[in-house]
Amino acid sequence: MPEEAGFPPAKRFRPGCGPPGGRVVMLLAAGGGGGGRRQQSALAQPAASPYPEAVERQRRSLPIFPARGQLLAQLRNLDSAVLIGETGSGKTTQLPQYLYEGGVGRQGIIAVTQPRRVAAISLATRVSDEKRTELGKLVGYTVRFDDLTSEATRIKFLTDGMLLREAISDSLLRKYSCVVLDEAHERTVHTDVLFGVVKAAQKRRKELGKLPLKVIVMSATMDVDLFSHYFNGAPVLYLEGRQHPIQVFYTKQPQQDYLHAALVSVFQIHQEAPPSQDILVFLTGQEEIEAMSKTCRDIAKHLPDGCPSMLVLPLYASLPYAQQLRVFQGAPKGCRKVIISTNIAETSITITGIKYVVDTGMVKAKKYNPGSGLEVLAVQRVSKTQAWQRSGRAGRENSGVCYRLYTEDEFEKFEKMTVPEIQRCNLASVLLQLLAMKVPDVLTFDFMSKPSPDHIQAAVAQLDLLGALEQKDDQLTLTPLGRKMAAFPLEPRFAKFHCTEEILTVVSLLSVDSVLYSPPARRDEVQAVRKKFVSGEGDHITLLNIYRTFKNLGGSKDWCRENFVNSKNMMLVAEVRAQLRDICLKMSMPMVSSRGDVESVRRCLAHSLFMSAAELQPDGTYVTTATRQPVAIHPSSVLFHCRPACVVYTELLHTGRCYMRDLCVVDADWLYEAAPDYFRRKLRAARD
DNA sequence: GAGCACTGC
């Protein structure tokens with residue numbers, strides 16, 4: 001491969017790098033490539049199979065199948081276990097069925113958590129098909145806005161966030177006999193909090209002499225000592241998968257310009273490999289991806305005769321759904337598919353037919369600075385586990401090749417694992433939820449990877465300022481307001497509101513991705529169309545106007561298209577709003593309309609967002625009230641050309657400068673009313 | 001005077 005990039009001879013590896021040492025039970029060695037030897041174990045045979053032949057054959061061909069008997073025998077006697085299964089081992093679809101067939105579901109439901117909604121839904125569909133039952137009966141799923149379960153449900157797939165929500169009303173998880181935490185290696189905030197919640201529930205149920213709670217942690221990576229150690233030395237069961245071997249190349253020299261290196265690699269592969277073999281390139285963001293896509297298309301037009309043609313497809317989350325779908329369609333014969341993607345293709349979207357992966361080793365990710373309390377999105381190096389995850393995308397159907405655009409020495413210096421999200425985000429929501437579950441002492445909660453004390457303290461301070469906390473007998477507990485806030489699937493700062501029709505709408509608009517669609521090429525058109533909604537009082541009121549018009553005119557997709565509104569997100573706003581409204585009604589919160597009284601909406605925003613306020617300076621610039629940091633109004637704001645004396649904002653965006661996004665004009669007095677102590681402290685600090 | 005990775009309740 002590319003001499004210019006300077007790749008040395010390949011190394012072969014299997015993703016996951018083989019089983020670790022220590023407390024590991026080897027369940028099976030099925031061999032890779034799907035052609036491995038099969039062990040037939042008498043234990044592994046279900047007594048009389050209820051499955052039709054084809055499904056049964058397919059189930060039996062999975063690497064997990066020969067281990068069935070051994071696995072069940074082990075798990076039956078264990079409170080907790082860690083199961084490592086490589087991609088394609090069949091663990092997620094089969095294990096819940098084995099557990100059920102083994103009687104684990106008799107006294108309670110088997111919960112299987114997933115970080116993503118689509119995964120929970122599609123797994124439930126598949127498993128209920130395998131069981132030849134109607135979805136929602138024996139096998140069901142629960143995700144936000146969608147619950148397909150019934151009295152009969154024994155195997156329930158749900159998002160990790162959903163199980164966490166359930167734990168607020170029942171922290172012992174009494175419905176469940178077993179919780180399977182899948183994709184644990186991804187370490188989402190929700191999974192991380194669940195680790196602590198299920199561990200505590202398990203302990204408490206034992207103390208109370210209740211039905212034991214079985215906990216099974218499933219991970220795709222070998223690095224599981226942490227899991228095992230956390231669950232009191234739970235045994236690690238290892239299951240080999242169906243991954244195919246992948247050749248990994250490193251560059252000989254460090255690359256100054258990873259974009260250029262990626263471009264060179266793509267065209268070297270393109271000129272050497274058969275056109276049926278597709279390429280997946282990992283870059284960091286939309287702009288980079290669009291630019292690279294254009295360059296690739298331009299170069300592909302001028303390639304020498306005999307070179308195959310190229311279909312270049314960008315892929316990132318904010319790409320319209322229809323365009324995302326194109327990556328799944330086959331390219332015409334003799335044409336190569338080149339997919340240029342963010343890390344969305346690492347886990348969320350799986351594309352078949354990828355033979356080559358080009359890994360720049362870079363990713364855009366959130367970093368948290370507990371000192372300043374700010375979250376910053378920055379381009380940074382991937383971790384080793386992330387790099388292996390990317391390589392693995394090349395070997396899903398056949399052997400594959402991964403070009404790493406960094407040297408092996410550089411790779412060795414990468415962090416071993418991605419820092420878990422819980423150490424990189426604002427913890428206010430997490431603490432609010434833990435307090436709602438009546439966790440005895442949130443400050444010493446048993447996190448698997450503990451956030452730093454100042455990090456936790458910052459969240460406590462934020463919740464305290466919002467009026468959610470009180471100190472009772474040396475314990476932090478929730479105020480009635482705090483309990484109300486915890487009931488809403490919202491950031492704590494947005495969950496503090498007087499329930500009016502208008503506020504429900506604004507809060508819903510803020511909790512989904514922007515409903516505004518602004519293609520840069522049609523900027524003048526966008527501005528002309530948007531003019532009729534613009535409010536001098538800021539972006540929130542403008543959004544409110546857009547939503548109202550959308551609803552009044554029947555909420556059609558055509559209207560959205562004509563008005564540069566993202567209809568998918570707009571529908572979601574309506575769905576969120578309906579959910580919030582239900583919660584308000586359930587809690588008997590009085591619902592009033594401010595009848596066009598926009599000032600009350602702005603006052604309410606001031607009460608939620610007083611921690612994110614900025615003041616106009618005599619020189620025409622702005623500084624934040626909290627930290628006196630210089631900030632500017634983002635050009636996308638309707639207030640871009642205005643100079644209001646005092647604003648609150650939803651978000652700070654760190655790019656070249658520091659921009660405020662989604663602004664609302666407020667009266668400085670309202671801010672003071674919202675948190676007098678806080679502003680007195682700020683004033684004192686400013687004087688000293 | 002500019003531009004946000006990815007999830008989830």
Side-chain angles (χ1 to χ4, degrees), chain A residues 113-120 142-147 158-169 183 186-194 282-291 315-319 341-349 362-367 375-380 382 386 389 418 421-422 424-425 429-430 432-433 436 485-492 494-495 508 511-514 516 518-520 523 572 575-576 579-580 582-583 620-622 631-637 639-643 650-662:
Chain A
T113 69
Q114 293 293 319
R116 284 167 291 280
R117 291 166 51 93
V118 273
T142 305
V143 297
R144 190 181 187 186
F145 307 130
D146 204 0
D147 179 8
L158 69 179
T159 44
D160 44 17
M162 205 67 215
L163 187 59
L164 212 48
R165 240 330 81 231
E166 289 187 8
I168 291 181
S169 45
E183 311 284 10
E186 289 192 27
R187 303 293 304 274
T188 67
V189 182
H190 291 153
T191 315
D192 263 36
V193 177
L194 274 178
F282 283 102
L283 299 187
T284 69
Q286 172 174 350
E287 200 181 332
E288 218 174 66
I289 287 167
E290 289 295 351
L315 180 63
Y316 44 87
S318 59
L319 196 69
S341 173
T342 60
N343 44 343
I344 195 172
E346 249 170 55
T347 49
S348 308
I349 293 182
M362 307 305 281
V363 67
K364 203 178 283 188
K366 206 163 252 179
K367 274 184 178 170
E375 292 177 337
V376 183
L377 203 60
V379 173
Q380 48 200 303
V382 296
Q386 224 175 339
Q389 177 72 26
T418 312
E421 200 185 352
I422 197 141
R424 291 186 283 130
C425 69
S429 300
V430 169
L432 188 67
Q433 284 193 314
M485 286 162 63
F488 290 94
L490 294 168
E491 282 181 51
F494 296 136
S508 306
S511 76
V512 308
D513 286 338
S514 177
L516 304 180
S518 315
R523 209 166 78 175
L572 197 56
E575 226 172 344
V576 171
Q579 188 191 24
L580 299 182
D582 280 350
I583 298 172
T621 64
Y622 285 86
V631 287
I633 297 176
H634 194 275
S636 67
S637 172
L639 298 177
F640 185 46
H641 293 288
C642 311
R643 289 271 174 271
T650 307
E651 202 178 24
L652 276 187
L653 188 62
H654 296 254
T655 48
R657 300 166 69 184
C658 200
Y659 291 101
M660 301 177 278
R661 280 240 308 218
D662 291 335

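Residue numbering restarts at 1 for every chain, and letters A, B, ... go by the order of the sequence lines. Values in this document were obtained by computation on a predicted structure and should not be read as measured data.
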Open item on the list: Test of understanding: with side-chain contact (heavy atoms from CB on, under 4.5 Å), list the residues that count as partners of E575(A), not counting sequence neighbours.
Closed with: F145(A), L572(A)
- [ ] Select base, sugar-phosphate, or nothing to describe what T188(A) touches, counting heavy atoms under 4.0 Å on all strands.
- [x] nothing
Open item on the list: Quick check: on DNA chain B, is the nucleotide nearest F488(A) upstream (toward 5') of the one nearest R424(A), or the reverse? Name the residue that is more 5'.
Closed with: R424(A)
Open item on the list: Students should find this one: the first and last nucleotides of DNA chain B, 5' to 3', lying under 4.0 Å from a heavy atom of chain A. What are they?
Closed with: dG1(B) to dC9(B)
Task: salt bridge (charged side-chain N to carboxylate O under 4.0 Å, His left out) against R144(A), all qualifying residues, sequence neighbours excluded - done: none
Open item on the list: Under 4.0 Å, counting only non-hydrogen atoms across every strand here, what does R187(A) touch: a base, just sugar-phosphate, or nothing?
Closed with: nothing
Task: N-O pairing of E186(A) and R116(A) below 4.0 Å - done: yes
TODO: Give one of base, sugar-phosphate or nothing for R657(A), where a contact means two heavy atoms less than 4.0 Å apart.
DONE: nothing
- [ ] Could you tell me whether a side-chain N or O of Q114(A) sits under 3.5 Å from a main-chain N or O of A119(A), the two making a donor and an acceptor?
- [x] no
Open item on the list: Once you apply a heavy-atom cut-off of 4.0 Å, does Q286(A) come out as touching a base, just sugar-phosphate, or nothing?
Closed with: sugar-phosphate
TODO: Indicate the atoms forming the closest heavy-atom contact of L432(A) with P492(A), along with that distance.
DONE: CD2-CG, 4.1 Å
TODO: Using a heavy-atom cut-off of under 4.0 Å over every strand shown, decide if V189(A) touches base, sugar-phosphate, or nothing.
DONE: nothing
Open item on the list: Looking at E288(A) and Q286(A), would you say the former's side chain and the latter's main chain have a donor-acceptor pair under 3.5 Å?
Closed with: no
Open item on the list: Counting the atoms with a prime plus P, OP1 and OP2 as sugar-phosphate, which does I344(A) contact under 4.0 Å by heavy atoms, base, sugar-phosphate, or nothing?
Closed with: sugar-phosphate
TODO: Pick base, sugar-phosphate or nothing for R116(A), based on heavy-atom distances below 4.0 Å to the nucleic acid.
DONE: sugar-phosphate
